[in-house]
Amino acid sequence: MPIPDRTDHPELRNLAETLARGAGTLTVRLRAGDADLGVGAKSTPTDVVTEVDRAAERWLADELARLRPADAVLGEEGAERAGGSGVRWVLDPIDGTVNFLYGLRPYAVSVAAERDGRVVAGCVHDPTSGETFSAALGAGALLDGRPLGGSWLARTLDTAVVGTGFGYDAGLRAAQGQVLAAVLPRVGNVRRLGSAALDLCYVAAGRLDGYFEFGLKHWDSAAGLLVATEAGAVVGGLRGRPPGPLTVAASPAVAADLVRLLEELGADEL
Ligand code: IPD
């Protein structure tokens, strides 16, 4: 698809960075306070949400209403606003809520900007490390302002370190476990970080050679997929499809073999 003839992608990326860092600071402040985290459940008892997720999303939506009132907004925790500008912001205030709740690292704030339905800018900020991954369509990927990409270690799938994640439904996790059991002996090793947005950015940074997960939501992956793509990773689904229901991102050296293996296993048919 040709890149639209617009030049505001870096400007949208810069705003995504400011917003993600601001929301990240808020999550750290609220986590450090004595306040009850106000834990609730969503799709299943293990699909948790905290008052901090909600407060961070409210802050993001309020900032966008102030700074870009004509833009639309879609957020994981229910923020939704229509707009007439052609730009929509896709927000995940805390990607990795289980990590956040348990005091584990990492977790991330993910902010993406779409123009006419296509993600053109995004930022994934990890408040636990202070790292900020970002990208603008056609302008490359950045880690803390420095260009990112091309630094993968593995040359073959059997030495590749591959990330993955699991859903919140026990039946889905059982099926994901079967796929994983078959993948494990075919790759170098496997990691489960707990934040899909950061898994994708870690592929961009060469910290993972590949990543796959079934059933991601748009807000989990919108910014991270752009970061991975702009860093030169191969991104997609199985059988020539775009990402979903299985999302795969991998280095050019291992992507084709990882995709073939996941196709053989029917990893998109869980
Ligand atoms: C989750 C995380 C996790 C992934 C799950 C996602 P959330 O997002 O990204 O790593 O395995 O599929 O739902 O619920 O923490 O925003």
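Whatever order the structure lists ligands and atoms in, that order sets their numbers, starting from 1.
- A salt bridge does not link E51 with R31: every distance from a Lys NZ or Arg NE/NH1/NH2 to an Asp or Glu carboxylate oxygen is 4.0 Å or more.
- Between G194 and ligand 1, an N or O atom pair is found at a separation short of 3.5 Å.
- Contact annotation for D220 and ligand 1: only side-chain heavy atoms (C-beta onward) come within less than 4.0 Å of the ligand.
- The nearest non-hydrogen atom to atom 13 (O) of ligand 1, considering only Y168, Y107, F166, comes from Y168.
- With contacts defined as side-chain heavy-atom distances shorter than 4.5 Å, the pair F212/V183 qualifies.
- When the heavy atoms of G167, G96, G165 are ranked by distance to atom 15 (O) of ligand 1, first place goes to G96.
- Contacts of E76 with ligand 1, taken as heavy-atom pairs under 4.0 Å, involve the side chain alone.
- Counting heavy atoms under 4.0 Å from ligand 1, residue S195 touches it through the backbone alone.
- Ligand 1 has an N or O atom lying under 3.5 Å from an N or O atom of D95, backbone or side chain.
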For this session: Could you check S129 against D126 for side chain to side chain donor-acceptor pair (under 3.5 Å), going step by step and ending with a plain yes or no?
Result: CA-CA 6 Å; S129 66; D126 175 359; 3.1 Å; yes
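- Within the hydrophobic cluster formed by Ile, Leu, Val, Met, Phe, Trp and Tyr side chains joined at under 4.5 Å, directly or through other members, W219 is accompanied by L74, V90.
- Distance check: R105 CZ to S195 OG gives 14.0 Å after rounding to the nearest 0.5 Å.
- Proximity of R68 to V73: side-chain heavy atoms (C-beta onward) are nowhere separated by under 4.5 Å.
- A donor and an acceptor atom, one from each side chain of S251 and D209, are nowhere located under 3.5 Å apart.
- Closest approach of V234 and A255 over heavy atoms only: CB-CB, 3.6 Å.
- Of the heavy atoms in I94, only backbone atoms (N, CA, C, O) come closer than 4.0 Å to ligand 1.
- Ranking protein heavy atoms by distance to atom 11 (O) of ligand 1, first place goes to E213 OE2, 2.7 Å.
- Under a 4.0 angstrom heavy-atom cut-off, K217 registers as lying outside contact with ligand 1.
- Near A196, with a cut-off below 4.0 Å to any heavy atom, the atoms of ligand 1 are 2 (C), 9 (O), 10 (O).
- No part of R173 comes within 4.0 Å of ligand 1, judged by heavy-atom distances.
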